[in-house]
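All ligand and atom numbering here is 1-based and tracks the order in the structure.
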Amino acid sequence: MKEPLKSKHALQEIYDGATFREIGHQLIDLLADHIESVQSHQKPVLNFRSPEEELAYWEQELTSTTGMADFYKNIIAHSIAVHHPNYIGHQIAVPALISSLSGLVVDLLNNGTGVYEMGMASNAMEKIVTDLVSKKIGYDHNASGFLTSGGTLANLTALLAARKAKATTAVWEQGHAEKLALLVSEEAHYCIDRAARILGLGSEGIIKVPVNASFQMRTEVLDKYLNKAKQEGLHVIAIIGCASSTATGSYDNLEEIAVFAQENDLWFHIDGAHGGSVVFSEKYKHLATGIAAADSVVIDFHKMLLTPSLNTALVFKQGEDSYRTFEQKAQYLWDSQQSREWYNSGKRTFECTKLMMSLKVYAIIKMHGEAIFEQNIDRLYGLAREFATMISERSGFELLLHPEANIVNFRYINLPETTINEVNTQIREELISRGNFYIVQTRIGEKRYLRVTIMNPLTQKSDLEALLDEIENSIEKKHIISN
Ligand SMILES: *Cc1c(COP(=O)(O)O)cnc(C)c1O
């Protein structure tokens, strides 16, 4: 760390082009080396250290004399490598390299994007990118949307629009006068629950609909749940479909939900943060049949669509709805809140200053073509199906269900019944500490499952065989196999 005010030129130095060039070239080389070495399995997915060790390391690093190149090397060494083919854990994209490079441009140009002058290119690209999403969904020319920072914020924004459209009173101006509620699958992402509470719906206002054996919303009980809510004095304003659910990657029956929403004058929102991206795939878009009937849809580019976090499309069937959500006066930003200007993106997003996130998607399409999204989905969904078959063919393993998406839950069960949960937890911990694979876990009822999300298009069948081998090896070492 430099002493403050060491040089009177300190402020000039932070903008020195020659230094930028020098460090920048070193950095690109470092990152390229990193990607090549993890892709060829020469390095582990992660070198796990405890939070205490990690904190101590970075406390000393701050005052060390390490040069910037070594500093970046250390950051890489202390971070999980999502470009590693054995990164099959949480649902985040393995970013296309051109998208990451665009990220550097985003951070350097730092256009605020909320108003047109502060992001001419990024606002125009944002329209192109979100219009493409609308088209893929099957919306007509009335549709319109924008990008925002993450599925969590996008879902909240969509539900604000739902409240605006369906509440009997003007909540935005007058606060709550009626008890509002929404219907959602019990398997929905936790951010829906949070959004509902932020909207002031409270526990009572989040009606969780049970799921069937395939973890899909049981649409045949919707009438019963809606009537019960009405009897309790609740005004149900919206129903949310999962495409797909987080734990198991299951797609709700969107067609049936659409009919129910229409019949009961509900806002139909789809949380397609992860699996909504199948609209890009001819082969898998049938999983989301009915999506075009939704009033609003969220799709994360930073899950299945090769883009660094955060980068989320929120699109509305009636573009007009997107402008009404936040209608309020902000005189210093624009003359009239009432006019509908796609190019002033702050009118429709929660965010004021916003990343130039559209560049990261646009660059992928420009360099690789929009078909790259389809190829990625087809590869990841296809490989998950193969992995599921692999698991069901190995003795000792139990597959939770044949996957619809690229999320596979399984566990090792050739064990005394009472130890299954504990041993599966240990298996994961050992995998993480060895660092050859990164997988996660989930709990379904009382049972703990190992959970794999295949996010990396460079993951091979042989990597997945190796994972199962490694699990078998660690079981053998434990000498606890039943019989
Ligand atoms: C990831 C995810 C979210 C949350 O989105 P973020 O972009 O992480 O904020 C919401 N719903 C589903 C189904 C998801 O998979």
Side-chain angles (χ1 to χ4, degrees), residues 82 88-95 99 103 129-130 133 137 145-160 162 182 184-199 206 208-209 211 214-217 238-254 257 268-279 284 287-288 291 294 296-315 349-351 354-355 357-358 360-361 376-377 380-381 384 403-409 440 442 451-455:
V82 300
I88 41 178
H90 286 292
Q91 300 155 256
I92 66 155
V94 177
S99 199
V129 164
T130 50
V133 173
I137 286 172
F146 50 85
L147 297 177
T148 193
S149 293
T152 300
L153 187 58
N155 279 318
L156 173 62
T157 308
L159 294 176
L160 279 164
L182 49 82
V184 65
S185 150
E186 61 180 348
E187 285 293 313
H189 191 272
Y190 72 87
C191 73
I192 300 291
D193 190 280
R194 279 194 186 169
R197 290 171 198 277
I198 293 167
L199 284 161
I206 309 155
K208 298 215 167 134
V209 183
V211 294
S214 302
F215 299 89
Q216 298 157 320
M217 180 190 274
I239 183 162
I240 295 136
C242 295
S244 52
S245 71
T246 303
T248 62
S250 305
Y251 285 78
D252 284 339
N253 187 329
L254 305 178
I257 298 175
F268 179 23
H269 173 63
I270 293 179
D271 179 5
H274 182 88
S277 46
V278 289
V279 296
Y284 293 107
L287 293 168
I291 194 170
S296 52
V297 178
V298 163
I299 297 178
D300 279 349
F301 276 99
H302 62 269
K303 297 266 179 74
M304 295 297 294
L305 299 173
L306 301 166
T307 308
S309 315
L310 295 164
N311 211 313
T312 302
L314 169 56
V315 291
T349 52
F350 216 121
E351 296 148 287
K354 187 171 99 169
L355 280 176
M357 52 188 100
S358 58
K360 299 187 196 176
V361 178
N376 187 48
I377 290 155
L380 299 177
Y381 276 40
E404 290 192 285
N406 51 339
I407 300 170
V408 185
N409 291 288
V440 296
T442 193
R451 181 166 170 276
V452 160
T453 309
I454 304 174
M455 297 305 292

(Q) Do Thr312 and Phe301 have side chains that approach each other closer than 4.5 Å (heavy atoms only, starting at C-beta)? (A)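 Side chain of Thr312 against side chain of Phe301, heavy atoms only: no contact under 4.5 Å found.
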
Q. Mind checking whether Ile192 and Asp271 have side chains closer than 4.5 Å, heavy atoms only?
A.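 In contact.
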
Q | Region of Asp300 engaging ligand 1 - heavy atom pairs below 4.0 Å | A |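 The part of Asp300 near ligand 1 is the side chain, not the backbone.
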
Q. How does Ala188 reach ligand 1, by side chain, by backbone, by both or by neither, if only non-hydrogen atoms under 4.0 Å count?
A.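 Under 4.0 Å from ligand 1, Ala188 contributes no heavy atoms.
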
Q: Applying side-chain contact (heavy atoms from CB on, under 4.5 Å), name anything that partners Pro403, two or more places apart in sequence or on another chain.
A: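 So Pro403 forms a side-chain contact (heavy atoms from CB on, under 4.5 Å) with Ala384, Ala388, Val408.
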
(Q) I want to know if ligand 1 touches Thr312 in the polar sense, i.e. an N/O pair below 3.5 angstrom. (A)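 N/O-N/O distance below 3.5 Å does not exist for this pair.
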
Q) N/O to N/O below 3.5 Å, does that happen between Gly151 and ligand 1? A)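 Gly151 vs ligand 1: N/O contact under 3.5 Å present.
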
Q. Out of Met304, Lys303, His189, His90, whose heavy atom sits nearest atom 15 (O) of ligand 1?
A.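 Looking at heavy atoms only, the winner is Lys303.
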
Q | Minimum-distance protein heavy atom relative to atom 11 (N) of ligand 1 | A |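 The closest one turns out to be Asp271 OD2, 2.6 Å.
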
Q.
Atom CZ of residue position Arg197 - does it have more than 12 heavy atoms of other residues, nucleotides or ligands inside 6.0 Å?
A.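 Atom CZ in Arg197 is packed in, count exceeds 12.
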
(Q) Quick check on contacts: which atoms of ligand 1 are under 4.0 angstrom from a heavy atom of Thr246? (A)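 Per the distance check, 12 (C), 13 (C), 14 (C), 15 (O).
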
(Q) List ligand 1 atoms under 4.0 Å from Thr152, heavy atoms only on the residue side. (A)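 That gives atoms 4 (C), 5 (O), 6 (P), 9 (O) of ligand 1.
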
(Q) Using the side chain to side chain donor-acceptor pair (under 3.5 Å) criterion, which residues pair with Thr453? Sequence neighbours excluded. (A)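 Testing Thr453 for side chain to side chain donor-acceptor pair (under 3.5 Å), a comparison that skips the adjacent residues, returns none.
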
**Q.** Heavy-atom gap Ser244 to ligand 1 smaller than 4.0 Å
**A.**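 Yes, Ser244 has a heavy atom closer than 4.0 Å to ligand 1.
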
